Every structure is written in C-alpha cells, then in structure tokens.
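See structure below.
Just so we're clear, the structure is a prediction, and the values are computed from it rather than from any experiment.
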Amino acid sequence: MLEARDALLAWYDRHARVLPWRSAPGERPDPYRVWLSEIMLQQTTVQAVKGFFETFVARWPDVAALAAASEQEVLSQWAGLGYYSRARNLHRAAREVAARGGEFPRTPEDLAELPGIGPYTAAAIAAIAFDHPVVPLDGNIERVAARCFAVHAPLPGSKPLLRDKAQAFAGADRPGCVAQALMDLGATICTPKSPACALCPLEEGCAGFKAGIAASLPAKTAKQARPTRRGVAFVAIRADGALLVRTRPAKGLLGGMSEVPGSEWSEAFDASKARAHAPLSANWVKTAGVVRHVFTHFALELVVYRASVPRGTPDLPGMRWVAPGDMHREAFPTVFRKVLAQVPEKLLDFSGKSLRKSK
DNA sequence: TATCCGTGGGG
DNA sequence: TCCCCAAGGAT
C-alpha cells in the first residue's frame, strides 16, 4: 500500500484542484478556513460553496470576527446554501473556539465535540490543518475505497468497513495531502458514473478495476420515495412597501430562517380552503403560477396569494413588517425567494434582483 | 438503525 | 422529467 500512497501523492502534486480554501504548497493551512470550508462542503458541491466561502472570509476573516457576528447575520449570509443547522452550529462553534482564545482543537476527538463537527469533519480538519495521520471518510473516499478493495456490501451499512479499509492510506507523511488527494481523485477520476480508470494512479492495485466492476461500486441500499406536500403562502404588501415577514422556529426544517406567513405543508392540503390560512383580512389575489421546490425528503407545491394593504395595517403577533431597504438582511431560503418571485416586480419596492434570481 | 435536514447540476 | 448525488451531522 506504500506504493499506492506514493502514487496517489505524486498524482496529487500534478493534478490537485486549485480551491479558495487551500493553502499554497508548503504553506501552513489556516484552521479557520479549513473548518469553514469543511462545514460548507458537507453534502454540498465545490461549485456551490466557492462563492459563499469567499463572501464569508471577506466579511469574517477569522473565528473571532465570526463569533462577534449575530446568528441572524450568519443565517442571512448562509441563505441559499441549504442545511441551515450547519450555519447555526457554525456560529455556536465559533463562539466556543473564540472563548478558548481562538485556538481550534487539534485532534479528531476534541474537534468532534464542537457543534456541527462529526466523524468526517473532525478527521478532515485534523488531517488537513494539523497533520493528524488519519484518513477521513467522505462520499468520495467511500467510493474510492469500495472500488480499490472491491467491497460489495452496500452503504450505509458498509461504512465502518470502508473506514477501516481507507486507513490503508494513512501515514505520518503529508496526511492532509492524502486526504485531499483521495477526494480530488473521487471527484475527477473515480467518479460515480463512468470512472476514468485509465487515468487513475491507483489502477494497478485496484481490485474493483481488476474484476471489471469498479463502475458498479459502491452498492447502496434502496431509498424510499419522496411524497409531495402542498400549502399556501401569503405576500402582504403595505402601502409604504413593507412586507409581512416572520421567523421560522429555531429548529427543524429551515430553522431560524425568514418566511412569509402561510399554511402548514401537508400531503392532505385542501387548496379550496387556502384563503382560510391568510394572516389578515385583505383582498387576496391568487398569483398565476405554483411554486415547486424539492427538499431532501419531500417535494413541495405552494400556491401564492398577494394583497396590497393600507399603511395603517396593525402589527400581527409573531410577525413584522420589513421595509424594502431591509429586505437584503432577511434570511430567506430559496423556496421563499421563489414565492416572492411570484409577485409582479412592479408591486415590490425593494431591489429584489438578488432575491429573485431563483427559478 | 433510520429519519430529518437544502440546493443545484448532470445524465 | 426524473433520478442521482455532493468534502455529513444530529437525534
């Protein structure tokens, strides 16, 4: 396996991807940037993360700066990236690290005590930022290991086995490079479909390639179907341009994010009674289209109503009127950007271009 | 062990 | 259109 490790590193030295959070060769990585990137990259593509990462480090260059921000500011910047518990845990972890003088823990065990850091992220930060001789197990390395060692057992049950197999690449020399090399290999060569085995530095020792089954691995257990939930959302526009907005419960789906009022989302939603869910009495006008959005475990179809209401409209419990100039501070997740995009632009005073870029 | 938790791109 | 899946974690 020593030869395979050396071949992997030689390949990495020639083909490593250039990414905003990576340090130049020979330079010590900044644990803050490593941590931030690893959190953002959880279940998220490199392409999607790049812009968010740049925005975050420009606004919050170190962990102390991030700790000094409010959770609302962090959620607002995170809006659009998904899995919002990551942002809440990121903020909590920043405050914990800042409270210890800004020094990150250096071992997987200690790192994993921070919120939002699990087995993978702990191992990745320890290896990349602190040269800890461990191989983190992400989706890429699961795939590389399953193929290299021809593991037929299906995920996720085979995860512990694959983690053990992957440690064959562990070693004291350049552990961070090995981790990133395996991930780059999985992302560019050992891809889920049509792997480019002819270009792979591990081809010689790959049991899956030798058996001609590399592309079929790793096996996965079947996943269940995704139901459709339906509901209604209401966009109330006050005469001064303010919009009626509320904050979702702190935990759960889109926890802590902004939304416009509406119904619960359920498979049994009765569209004929949609108006009964309105937050206030007004001349509600049904908008033309239906907002469709897909979450991890259900699809959503939202009917949208809009109304113009007079300047003197009173406050409602648990809701607030947001002035046009403050809309950019709101942490609207993508589904509610789609909802707002249903309202004719001439009715909205805020410069909604950035809010309305979504489909 | 299984479920919940977003989003966007590619085949 | 649909399905897959991407540097997973919390409960």
Side-chain angles (χ1 to χ4, degrees), chain A residues 17 19-22 33-53 75 78-90 92-93 111-129 135-144 154-160 163 166 176 178-188 190-194 215 218 220-229 248-257 265 292-300 331-338 357-359:
Chain A
R17 289 178 291 177
L19 300 171
W21 44 87
R22 284 187 176 170
R33 294 167 66 94
V34 173
W35 164 67
L36 177 60
S37 68
E38 289 299 341
I39 300 299
M40 287 185 166
L41 286 161
Q42 288 168 1
Q43 294 293 285
T44 309
T45 57
V46 164
Q47 189 53 39
V49 165
K50 280 182 179 172
F52 283 87
F53 179 83
L75 281 177
W78 197 278
L81 195 54
Y83 285 137
Y84 298 100
S85 66
R86 292 185 297 172
R88 303 194 301 272
N89 286 330
L90 181 86
R92 285 204 300 152
L111 282 161
E113 293 191 9
L114 290 171
I117 298 185
Y120 161 75
T121 305
I125 296 173
I128 297 169
V135 178
L137 190 73
D138 76 319
N140 288 306
I141 303 180
E142 281 176 357
R143 187 168 56 254
V144 171
L155 284 167
S158 59
K159 200 165 188 162
R163 183 176 287 115
V178 168
Q180 295 177 92
L182 287 168
M183 290 188 266
D184 278 16
L185 190 69
T188 64
C190 195
T191 50
K193 304 166 189 171
S194 311
K220 300 195 174 182
T221 56
K223 50 191 66 171
Q224 61 183 51
R226 181 153 46 200
T228 297
R229 299 181 188 173
R248 294 177 60 87
K251 293 182 174 181
L253 184 72
L254 308 177
M257 303 294 284
W265 303 339
R292 300 178 198 283
H293 193 74
V294 179
F295 293 95
T296 309
H297 54 292
F298 67 93
L300 178 65
F332 283 115
T334 297
V335 63
F336 287 105
R337 295 175 191 229
K338 293 181 182 177
K357 64 180 179 237
S358 305
K359 303 190 276 294

Give one of base, sugar-phosphate or nothing for A/Arg226, where a contact means two heavy atoms less than 4.0 Å apart. nothing
Of all the nucleotides listed (B/dT7, C/dA7, C/dG9), which has the minimum atom distance to the side chain of A/Thr121? C/dG9
Would you kindly give the CD-to-P distance between A/Gln180 and C/dA7, to the nearest whole Å? 13 Å
What is the separation between atom CH2 on A/Trp35 and atom C1' on C/dG8, rounded to the nearest whole Å? 16 Å
Classify the nucleic acid contact of A/Pro333 as base, sugar-phosphate or nothing, counting any heavy atom under 4.0 Å across all strands shown. sugar-phosphate
When the nearest nucleotide of DNA chain C is assigned to A/Lys220 and to A/Ile117 on a heavy-atom basis, which residue is associated with the more 5' position? A/Lys220
Exercise: do A/Arg86 and A/Gln42 side chains pair donor with acceptor under 3.5 Å: no
Please lay out, stage by stage, how A/Leu19 and A/Lys50 fare under the test side-chain contact (heavy atoms from CB on, under 4.5 Å). CA-CA 8 Å; A/Leu19 300 171; A/Lys50 280 182 179 172; 3.9 Å; yes
In sequence, state the C-alpha distance, the side-chain angles, and the governing distance for A/Phe295 and A/His297, and then conclude on ring-ring contact (aromatic ring centres under 6.0 Å, His included). CA-CA 6 Å; A/Phe295 293 95; A/His297 54 292; 7.7 Å; no
What integer distance in Å separates A/Leu111:CG from C/dG8:P? 17 Å
When all nucleic acid strands are considered with a 4.0 Å heavy-atom cut-off, which category describes A/Arg17: base, sugar-phosphate, or nothing? base
At 4.0 Å (heavy atoms only), tell me whether A/Pro156 reaches a base, stays on the sugar-phosphate, or touches nothing. nothing
Base, sugar-phosphate or nothing for A/Trp21? Non-hydrogen atoms, less than 4.0 Å. base
Would you mind classifying the nucleic acid contact of A/Gly80 as base, sugar-phosphate or nothing, using non-hydrogen atoms under 4.0 angstrom? sugar-phosphate
Taking A/Thr296's backbone N and O only, do any of them form a donor-acceptor pair with A/Arg226's side chain (distance below 3.5 Å, no angle check)? yes
To the nearest Å, give me how far apart CG (A/Leu81) and C1' (C/dG8) are. 13 Å
Taking B/dC4 as the reference, what is the distance to C/dA7 when you measure between their P atoms (whole Å, please)? 24 Å
Filtered N/O pairs between nucleotides 3-5 of chain B and protein, under 3.5 Å:
| residue | atom | partner | partner atom | Å |
| --- | --- | --- | --- | --- |
| B/dC5 | OP1 | A/Leu253 | N | 3.3 |
| B/dC5 | OP2 | A/His297 | NE2 | 2.4 |

Counting heavy atoms from C-beta on, name the nucleotide in C/dA6, B/dG6, C/dC4 closest to the side chain of A/Lys223. C/dC4
Which parts of residues 37-47 of chain A get close to DNA chain B, meaning a heavy atom less than 4.0 angstrom away? A/Gln43, A/Thr44
Main-chain N/O of A/Thr188 paired with A/Thr191 side-chain donor or acceptor, under 3.5 Å: no
Under 3.5 Å, side chain of A/Thr221 to main-chain N/O of A/Leu155, donor-acceptor pair present? yes
Using a 3.5 Å distance criterion without hydrogens, assess whether the side chain of A/Arg88 forms a donor-acceptor pair with backbone atoms of A/Ala250. yes
Between A/His293 and B/dG6, is there a contact of a side-chain N or O with OP1 or OP2 at under 4.0 Å? no
To the nearest angstrom, how far is A/Leu90 atom CG from C/dG8 atom P? 16 Å
Are A/Glu38 and A/Ile117 packed together at the side-chain level, in the sense that at least one heavy-atom pair is separated by less than 4.5 angstrom? no
